[in-house]
Amino acid sequence: MSFTLDLILTDVPDENDAAWKYIEELREEYYEDKSGAHEKLIALHKILTDKYPCLCSYEDDDPEMENSPWADGPMLNNFASKMGMLAILYSRADELFPFILEKALLLDITVADGQSEKIYRPGEPVASKVRPWWKLW
């Protein structure tokens, strides 16, 4: 099981229930979208993989692959024209989530975290002291 994030390039409704319904509809389109990755998602991919190489950049027998935080790859296959999805290992979520969130918001990409049911929109403040859902203390 992995920690997944939706990366959304369209306007998302402000109201939470309507937003999640909209995201579910986008996911349906996403699975059928064969038009290729949006340029903002390609830019995000470059930023993310410059710091944390994609699983596809390793040879099958490379022991460094075990240090990758990504749950699947190639990551570009998870990006489409209106949205993308990222899957990271739960054990690395504390480290990666803030980095992904910061970089995505800078590129005007909305981030939907289904685990905490939070939606982070560009231009909106992000609470820095909020504990992630997987923290029990």
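- Under 4.0 Å is where a charged nitrogen must lie from a carboxylate oxygen, and between Lys21 and Glu24 no such pair does.
- In this structure, a donor-acceptor pair under 3.5 Å is present between the side chains of Tyr22 and Thr10.
- Side-chain contact between Ile47 and Tyr52: absent, with no pair of heavy atoms (C-beta onward) separated by less than 4.5 Å.
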Go through the steps to decide whether Lys82 and Asp33 satisfy the test salt bridge (charged side-chain N to carboxylate O under 4.0 Å, His left out), and finish with yes or no.
CA-CA 9 Å; Lys82 294 181 184 175; Asp33 189 346; over 6 Å; no
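- Between Phe79 and Tyr30, the distance from one ring center to the other does not fall under 6.0 angstrom.
- A 6.0 Å sphere centred on NZ of Lys40 holds more than 12 heavy atoms belonging to other residues, nucleotides or ligands.
- Scanning all heavy atoms of the two residues, the minimum distance from Ile88 to Ala93 falls at CD1-CA, 3.9 Å.
- Glu28 CD to Ile23 CD1: the interatomic distance, rounded to the nearest 0.5 Å, is 13.5 Å.
- In plain terms, the two heavy atoms of Ala19 and Ile119 that are nearest each other are CB-CD1, 3.4 Å.
- For CG of Asp11, the number of neighbouring non-hydrogen atoms (other residues, nucleotides, ligands) closer than 6.0 Å is 12 at most.
- Between Ala87 and Asp72, the shortest heavy-atom distance links the atoms CB-OD1, 4.0 Å.
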Enumerate, atom names and distances included, each donor-acceptor pair closer than 3.5 Å involving a side-chain atom of residues 55-64, sequence neighbours excluded.
residue: Ser57; atom: OG; partner: Cys54; partner atom: O; Å: 2.6
residue: Asp62; atom: OD1; partner: Glu64; partner atom: N; Å: 2.8
residue: Glu64; atom: OE1; partner: Asn67; partner atom: ND2; Å: 3.0
residue: Glu64; atom: OE2; partner: Asn67; partner atom: ND2; Å: 3.3

